[in-house]
Amino acid sequence: MAVAERYAVKESEAHWQQVWAERACFRATEDPERPKYYVLEMFPYPSGRIHMGHLRNYTMGDLVARYRRARGHMVLHPMGWDAFGLPAENAAIQRGVHPATWTRENIAAMRDQFKPMGLSIDWTREIATCEPEYYRHEQKMFLDFLKAGLAYRTETWVNWDPVEHTVLANEQVIDGKGWRSGAPVERRKLAQWSFRITRYAEDLLQAIQDLDRWPDKVRAMQTNWIGRSEGARVRWDLADRDDALEVFTTRPDTLYGASFCAISPNHPLAAELARDNPDLAAFIAECARLGTSEEAIETAEKRGFDTGLRAVHPLDPSWTVPVHVANFVLMEYGTGAIFGCPAHDQRDFDFARKYDLPILAVVAPRDTDPVAFAADLTAGTEAFVGDGVAINSRFLDGLGVADAKRAVIERLESLGKGEGTVQYRLRDWGVSRQRYWGCPIPVIHCPSCGIVPVPEDQLPVTLPEDVTFDAPGNPLDRHPTWAHVDCPTCGTAARRETDTFDTFVESSWYFARFCAPHSDTVAFDRAAVDYWLPVDQYIGGVEHAVLHLLYSRFFMRALRDCGYLAGAEPFAGLFTQGMVTHETYQAADGSWLEPAEVERTDDGGARRLSDGAPVTVGRSEKMSKSRRNTVDPERILDTYGADAARLFIVSDNPPDGDMEWSDAGLEGAWRYVNRIWRLVAAPPVPLPPAGTPVPVADLDAPTLGLYRRAHKTIAGVTEDLERFRFNTAVARIRELTNALGDLKADAPGAAAVARFCVETAVRLLNPMVPHLTESCWQALGGSTILAESDWPQADPAHLVDDTVTLAVQVNGKLRGNVSLPRDCPKAEAEAAALAVDNVRAHTEGKTIRKVVVVPNRIVNIVVG
RNA sequence: GCGGACGUGGCGGAACUGGUAGACGCAGCGGACUUAAAAUCCGCUUCUCGUUGAGAGUGGGGGUUCGAGUCCCUCCGUCCGCACCA
């Protein structure tokens, strides 16, 4: 092969990356006259190594960014580092390296690994959340939240990891155990800083409806997480006591079916009663031991302890029910107390069976005999939770469930015994972490003034560098001087808050900071933020569907209400990409082998490269260190170059699904990269100079067909990219280049058409394989570079053909084809269809009952 | 249990609002080029029977329709999220 025909990947990719950098092609600038487009991938944690998930994530984002730039948008596509967090402290403990050093070195290493991908990122906007220039603004926000009542300190039950010596977020507790330590998590009551996310519960919920460019799946998950339920709070006076029990219910219509009340083992009343009742205290202790792991809940039976107290029915003072402490009542939801209506709630039913409590049906399905229904239900094992009409319910009898709810609430309100209310599952966000490597919470605890915010002119509160990790717990707590300060208000000796923020706080506003990352006086330059926000396309893993995305939505609202910015929704469009998976390999002794250690054999098996020992091929799973089925992106980029990797990533399967990484697939992409280059360097037809017009009128039918195919490809690819269908976009371009093989070189205008097709393919492929296509474009004699060029335009006149092929069916079965002028009259199509030989064979001797003609598509002849 | 997504060749996957199922790629088979190999190019590749052709076919069953992968009912199965949420 001639030298000119071989594509020099390394030289090409390095060259174009340098050209783009020199020309500052990807520097984001604001131009109010032009449409903007903000593309953002979820920023990475600087672990020090990029992985395949990064490669996939940033390839997709880059594709979108390059496409939008070509479409004439002012594009913002920045990169930063989610740089606080536990791994840095673990590295400090294990290897004695300071978290700051470890993090900064990792950032440098990962930046070096990202650069060869050829991403169209504005690197001048790079931020790292661990730097004081970044987190100082977060501290100011916190002070403003404090003033606005959006941040507060309270004693809450937390998940405490006894090994890590810190609080864990709910998502860090897996099956009741710490996600890193594996130690059973303890429930502890601690004074914690919390953000009042519940203030926006209704707004966060309602606004989900307008997030029409978010996946339905994520919208559903957020909706469920917020967990709105309408119902009533009902007060049950306690007999022989001065106080009352407040319960929450979604079924106030079943109040006349109540047979007990139950309170959580963590309910204050339970604690009070337990003081004089050792048996109850023992019961409560046992409930706590049972824990909250999934299988514990699954298998635990309903258990209760009768307190001996009686609660007075709110609608009938002569009616009392027993009050139990029950293991299935959660303190965290509602009021921590319920009334039990066994007939219409399965849990209450099970409980009533066990403790022999009455089961009285108060709702019956319409059109059933209430007496018989009630008898069946009482005798059976299942509660009735469906819709119906009230029975055995005095003034409610005959009302439907919805009407009965309204009527009861009205009665309760008039009696002062309760009121209609809305309950949310969502809880406030506890943000305190007993950790060093996080943003310091800027408050001071003063023995005489209490909690005193750090004055704004003293921000930022920076982390001390001289810390030790030789003992468990928070190094800030042990630091000899850092925490000891004078109270800003009264001047007496006081102590800094030593907790730091949950790292989800930094990621809740970084997207806004990217709009003007270097403004040091304010967190957000209003003009820049108003121009760029919201993010038009956010891309990341679905694992953040609830927490990060919900926290960010909360933060935008809180920042808006504190006067920082105007919008409420951070991400107008969201795309959740799937995981990267790979086959797993196990040696005979069960140990896992890396893909690089294994070779596939022709019979479909595999063997170890080192000694030829047989290897068991397991199913494809998410790449993980434990199964050793990871592939190192750095090596891929080094061997095949960025373009082949990028092409494989976007062409293999739909981007929202899991992608199976395979060497064969990558090599297929690599072959295509080289094929495209050959198309330019050694075209099937000598190409005329750039700008040679296509002599459309002179083209014969096949050549015109190819020319039109190129226009259709432009239209199709454009549509596919708009809809995130990268795989079909690539397939269309491959079809075009395949079709080029059928071009007759000596046909009139063939060379000009060939040039048009090659140019089109190159331009359409640019967002996927930017380096290769720049080289191609240059070789084709392009006067610009593609990174600064416009997206091709399809000519609508060439999107339709003059001649169309119609399928001909007889009784719905395909029997032939006919070629006809586009939009020809139905009668003509019918006649042509009936004339097809094979059609005649199937209609001969039969009566034609009906002929269906769908113009330009199909003719169906119905015979009988 | 609740909510969501989904089920198409050996594999990943195409198929616009019902209109020629299997685009494109991977793997496989055959051929060309080559002393040979690699690379490249061309052809075949859902299954069954076969010469043209025919029959079957989108998880199973049923329905609507001239026509169903697509719509409806029902059953089976897979994946994801939440879960004693009152």
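We name chains A, B, ... by the order of the sequence lines, and we start the count at 1 in each one.
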Categorize [X] for me: base, sugar-phosphate, or nothing, with a 4.0 angstrom heavy-atom threshold over every strand shown.
X      : result
A:H344 : nothing
A:V851 : nothing
A:P654 : sugar-phosphate

[atom1]-based separation of [M] from [N] [nearest Å]:
N     : M     : atom1 : answer
B:U78 : B:G60 : C1'   : 15 Å
B:G25 : B:G13 : C1'   : 9 Å
B:U51 : B:U17 : C1'   : 42 Å
B:G9  : B:A14 : P     : 13 Å
B:U8  : B:C47 : C1'   : 14 Å
B:C82 : B:G28 : C1'   : 45 Å
B:U58 : B:C79 : P     : 24 Å
B:A83 : B:C72 : C1'   : 32 Å

Using whole Å, what does the distance between atom [atom2] of nucleotide [N] and atom [atom1] of [X] come to?
X      : N     : atom1 : atom2 : result
A:L814 : B:G57 : CG    : P     : 15 Å
A:L765 : B:C24 : CG    : P     : 16 Å
A:D720 : B:C24 : CG    : C1'   : 12 Å
A:E722 : B:C16 : CD    : P     : 19 Å
A:I226 : B:G81 : CD1   : P     : 19 Å
A:D253 : B:A86 : CG    : P     : 14 Å
A:N224 : B:G1  : CG    : P     : 17 Å
A:R734 : B:G25 : CZ    : P     : 5 Å

Kindly label the base of B:G43 as syn or anti, based on whether its glycosidic torsion lies within 90° of 0.
-> anti
Would you say [N] has OP1 or OP2 under 4.0 Å from some side-chain N or O of [X]?
X      : N     : value
A:R675 : B:A39 : no
A:N738 : B:G25 : yes
A:R815 : B:G55 : yes
A:R732 : B:A14 : no
A:R347 : B:C85 : yes
A:N727 : B:A14 : yes
A:R725 : B:A15 : yes
A:K813 : B:A54 : no

Please confirm whether any donor atom in the side chain of A:R857 sits under 3.5 Å from an acceptor in the base of B:C16, or the reverse.
-> yes
So do the side chains of A:K744 and A:L706 get within less than 4.5 Å of each other, counting heavy atoms only?
-> no
Evaluate the side-chain proximity of A:K417 to A:L315: yes if any heavy-atom separation is below 4.5 Å, no if none is.
-> no
Flag, side chain of A:S651 to backbone of A:V730, donor-acceptor distance under 3.5 Å | no
Is there a donor-acceptor pair closer than 3.5 Å between any side-chain N or O of A:R646 and the backbone N or O of A:P767?
-> yes
Does the separation of the ring centres of A:F351 and A:F349 fall below 6.0 angstrom?
-> no
Are A:W670 and A:F648 close enough that their ring centres sit under 6.0 Å apart?
-> no
Is there a Watson-Crick or G-U wobble partner for [N] with both distances under 3.5 Å, and which nucleotide is it?
N     : result
B:U58 : none
B:G18 : none
B:U35 : none
B:A5  : B:U78
B:C71 : B:G63
B:G53 : B:C49

Any Lys/Arg nitrogen of [X] or [Y] sitting under 4.0 Å from an Asp/Glu carboxylate oxygen of the other?
X      : Y      : value
A:K826 : A:E830 : no
A:R235 : A:E419 : yes
A:R347 : A:D350 : no
A:D345 : A:R251 : no

Report the residue from A:F248, A:F260, A:F339 that forms a ring-ring contact (aromatic ring centres under 6.0 Å, His included) with A:W236.
-> A:F339
Which nucleotide in the set [options] lies at the smallest distance from any side-chain heavy atom of [X]?
X      : options             : value
A:T805 : B:A56, B:G19, B:U20 : B:U20
A:N838 : B:G25, B:G53, B:A83 : B:G53
A:D345 : B:U20, B:C82, B:A86 : B:A86
A:K302 : B:C84, B:A83, B:G13 : B:C84
A:I858 : B:U20, B:G13, B:U40 : B:U20
A:A220 : B:U20, B:G4, B:U40  : B:G4

Looking only at side chains, do A:T198 and A:D428 share a donor and an acceptor under 3.5 Å apart?
-> yes
N/O contacts under 3.5 Å, protein versus nucleotides 62-68 of chain B?
| from | atom 1 | to | atom 2 | distance (Å) |
| --- | --- | --- | --- | --- |
| B:C66 | O2' | A:N860 | ND2 | 3.1 |
| B:C66 | O2 | A:N860 | ND2 | 2.7 |

Does A:S651 or A:R723 map to a spot on RNA chain B nearer the 5' end, using the closest nucleotide for each?
-> A:S651
Comparing nearest nucleotides in RNA chain B, the 5'-proximal residue of the pair A:M221, A:S229 is A:M221
The complete set of salt bridge (charged side-chain N to carboxylate O under 4.0 Å, His left out) pairs with one or both residues in residues 220-232 of chain A, sequence neighbours excluded, reads A:E202-A:R228, A:R228-A:E230
So A:R849 and A:N811, side-chain hydrogen bond (donor to acceptor under 3.5 Å, both in side chains) or not? Walk me through it.
-> CA-CA 10 Å; A:R849 302 201 181 277; A:N811 284 351; over 6 Å; no
Within residues 655-672 of chain A, find the residues that approach RNA chain B with a heavy atom at under 4.0 Å, and present them sorted by residue number.
-> A:A664, A:G668, A:R671
